Protein chains: 2
Amino acid sequence: MTDDLVLRRQVCFALYTASRAMVDVYRPILAEFGLTYPQYLVLLVLWEGEQEQPPTVSGLGARLQLDSGTLSPLLKRLEAAGLVIRRRSPADERRVAVELTPAGRALRGRLADVPRQLAQATGLSADDLVVLRDTLTRITSAIHQHKEQ
Amino acid sequence: MTDDLVLRRQVCFALYTASRAMVDVYRPILAEFGLTYPQYLVLLVLWEGEQEQPPTVSGLGARLQLDSGTLSPLLKRLEAAGLVIRRRSPADERRVAVELTPAGRALRGRLADVPRQLAQATGLSADDLVVLRDTLTRITSAIHQHKEQ
DNA sequence: CGCAGTTTAGTTGTGCACAACTAAACTGCG
DNA sequence: CGCAGTTTAGTTGTGCACAACTAAACTGCG
């Protein structure tokens with residue numbers, strides 16, 4: 001009869017707090033470039049897919065697990081900052097392709113050192129970080145499967 | 001020369017996504033009681049400290065890593081829902097003690113099964129969850145130490 | 001004892017996150 | 001071919017999170 005309703009026992013609380021602590025480390029680094037963490041994630045996807053067709057809003061949403069209610073205003077801010085362009089697809093007017101501007105492309109090199117800075121802040125080894133990442137990824141997909149039923 | 005600016009390599013993205021997926025599991029469960037996840041966390045702290053003096057707003061903030069800008073409106077909503085009472089300390093008028101109402105206390109029993117439901121949704125064993133929780137807690141405190149310097 | 005400095009809770013403004021909804025564009029079945 | 005149903009991006013409203021700030025209360029040093 002142990003009591004599970006105790007804060008320090010809760011994995012979820014550890015997850016929620018660790019996630020916010022991580023974003024706290026990003027905040028001052030990204031603020032120098034006028035970015036928030038979710039905006040940085042959008043740029044990561046765009047940098048990664050540079051040789052392919054530019055993704056649509058829903059394509060970005062699928063990668064980042066975010067819906068248009070979050071992405072639409074975020075993308076407007078990235079566009080206002082001159083980092084991306086949103087363009088209605090001529091073939092299908094419902095779709096909006098999101099492309100990098102030269103300024104958006106140029107940011108990639110300037111942010112290349114960010115992952116190293118973050119890894120250092122966690123105090124974990126590269127191996128530990130890989131294990132952690134894979135455990136978290138496993139949880140996330142288990143939860144998504146759980147929701148199917 | 002591997003490229004760290006790739007989404008699936010990022011521990012931080014795994015953390016951010018897992019945290020939101022967890023809250024997604026909580027949402028429908030807590031919604032039956034009119035609660036959000038951060039409100040539930042406040043109640044966990046209050047249930048845990050029932051025999052002690054009721055915590056102040058800043059005391060809650062220290063436990064949950066949240067500031068008054070987040071807690072003040074959240075506590076007003078919990079008070080409006082009849083689950084807590086906020087009371088200025090007579091000894092020090094700056095402090096506001098947060099106490100459970102009988103309705104707030106009664107909720108504890110009705111939510112006793114929530115941690116088990118959550119653990120099941122993750123698809124991890126109890127042992128894996130303990131390891132994960134401890135890794136996350138270690139990261140969070142490493143980050144906090146990192147910020148001191 | 002008085003007041004400079006600190007502590008405390010709360011407010012204001014910005015940016016997610018997400019539920020619920022809307023409008024426009026598209027698809028494919030009868 | 002037409003239209004019911006679907007897909008897509010965007011809007012509206014609520015609730016965090018947090019930076020920057022405010023006002024009131026308190027503390028302790030000179």
Side-chain angles (χ1 to χ4, degrees), chain A residues 12-13 16-28 30-32 34-42 54-62 64-81 84-98 147, chain B residues 12-13 16-28 30-32 34-42 54-62 64-81 84-98 147:
Chain A
C12 304
F13 177 67
Y16 166 75
T17 305
S19 174
R20 280 160 46 226
M22 280 273 201
V23 173
D24 274 355
V25 180
Y26 274 109
R27 200 184 319 282
L30 295 177
E32 290 184 47
L35 293 175
T36 64
Y37 180 64
Q39 289 169 14
Y40 170 71
L41 290 178
V42 167
T56 62
V57 174
S58 60
L60 283 171
L64 300 173
Q65 314 281 319
L66 290 170
D67 68 7
S68 66
T70 300
L71 284 174
S72 288
L74 186 158
L75 291 169
K76 274 191 189 174
R77 284 186 284 270
L78 282 181
E79 189 168 43
V84 306
I85 290 174
R86 295 181 305 150
R87 205 194 309 273
R88 287 268 166 199
S89 160
D92 183 343
E93 290 276 340
R94 292 171 303 179
R95 294 170 180 273
V96 170
V98 180
K147 288 178 70 176
Chain B
C12 304
F13 177 67
Y16 166 74
T17 305
S19 173
R20 280 162 44 228
M22 280 272 201
V23 173
D24 274 355
V25 180
Y26 273 109
R27 201 185 318 283
L30 295 177
E32 289 184 47
L35 293 174
T36 64
Y37 181 64
Q39 290 169 13
Y40 170 71
L41 290 178
V42 167
T56 62
V57 173
S58 60
L60 283 171
L64 300 174
Q65 313 282 318
L66 291 171
D67 68 7
S68 66
T70 300
L71 284 173
S72 288
L74 186 158
L75 292 170
K76 275 191 188 174
R77 285 186 283 270
L78 282 181
E79 189 169 42
V84 306
I85 290 174
R86 295 181 306 149
R87 204 194 307 275
R88 287 270 166 198
S89 158
D92 183 343
E93 291 276 339
R94 290 171 306 181
R95 293 170 181 275
V96 169
V98 180
K147 287 178 70 176

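Computed over heavy atoms, backbone and side chain alike; hydrogens, waters and symmetry mates excluded. It should be emphasised that the depicted structure is a prediction, and the values quoted were computed from it without experimental measurement. Proteins get letters first, then strands, A, B, ... in listed order; numbering begins at 1 in each.
- Considering all non-hydrogen atoms of both residues, B:V98 and B:P54 come closest at O-CB, 3.4 Å.
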Return all side-chain donor-acceptor pairs below 3.5 angstrom for residues 84-92 of chain A, not counting sequence neighbours, or 'none' if the list is empty.
from, atom 1, to, atom 2, distance (Å)
A:R86, NE, A:E79, OE1, 3.1
A:R86, NH2, A:E79, OE1, 3.4
A:R87, NE, A:E99, OE2, 2.8
A:R87, NH2, A:E99, OE1, 3.3
A:R87, NH2, A:E99, OE2, 3.1
A:R88, NH1, A:E93, O, 3.0
A:R88, NH1, A:R94, O, 3.0
A:S89, OG, A:A91, N, 3.2
A:S89, OG, A:D92, N, 3.1
A:D92, OD1, A:R94, N, 3.0
A:D92, OD1, A:R94, NE, 3.1
A:D92, OD2, A:R94, NH2, 2.8

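- Interatomic distance, CG of B:L41 versus OG1 of A:T17, reported as 7.5 Å (0.5 Å rounding).
- Across A:T70, A:V96, A:V57, a single residue satisfies side chain to side chain contact (heavy atoms under 4.5 Å, CB included) together with A:L75, and that is A:V57.
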Encode nucleotides 15-27 of chain C as B, S and - characters from 5' to 3', where the letter depends on protein heavy atoms closer than 4.0 Å: B to the base, S only to sugar-phosphate, - to neither. SSBBS-----BS-
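- Contact annotation: B:T56 side-chain N/O to C:dT8 OP1/OP2 distance is not under 4.0 Å.
- Stem analysis of DNA chain C (at least three stacked-register Watson-Crick or G-U pairs, each with both distances under 3.5 Å) gives C:1-30 with D:1-30.
- Here A:Y26 pairs with B:Q10 under the side chain to side chain donor-acceptor pair (under 3.5 Å) rule; sequence neighbours left out.
- Judged as a salt bridge (charged side-chain N to carboxylate O under 4.0 Å, His left out), not a single pair has a partner in residues 65-74 of chain B (not counting sequence neighbours).
- B:L78 has its side chain within reach of B:L35: a pair of non-hydrogen atoms, C-beta onward, lies under 4.5 Å apart.
- Using a distance-only test at 3.5 Å, with no hydrogens or angles considered, no donor-acceptor pair links the side chain of A:R77 to the main chain of A:Q39.
- Put simply, OH on B:Y16 and CG on A:L66 are 4.5 Å apart, with the number rounded to the nearest 0.5 Å.
- For the OP1/OP2 pair of D:dG10 and a distance below 4.0 Å, the side-chain nitrogens and oxygens of A:R86 include at least one atom meeting the criterion.
- The side chain of B:K76 contributes no N or O atom lying less than 4.0 Å from OP1 or OP2 of D:dT14.
- Using a 4.0 Å heavy-atom cutoff across all strands shown, B:S58 reaches sugar-phosphate atoms only and no base atom.
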Set out, line by line, the N/O atom pairs under 3.5 Å between protein and nucleotides 3-5 of chain D.
none

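- Side-chain atoms of A:Y37 come within 3.5 Å of backbone N or O of B:F13 as a donor-acceptor pair.
- B:R95 places its CZ atom 13 Å from the P atom of C:dG10, with the value rounded to the nearest Å.
- Remark: B:D24 CG to B:S19 OG distance equals 10.0 Å, nearest 0.5 Å.
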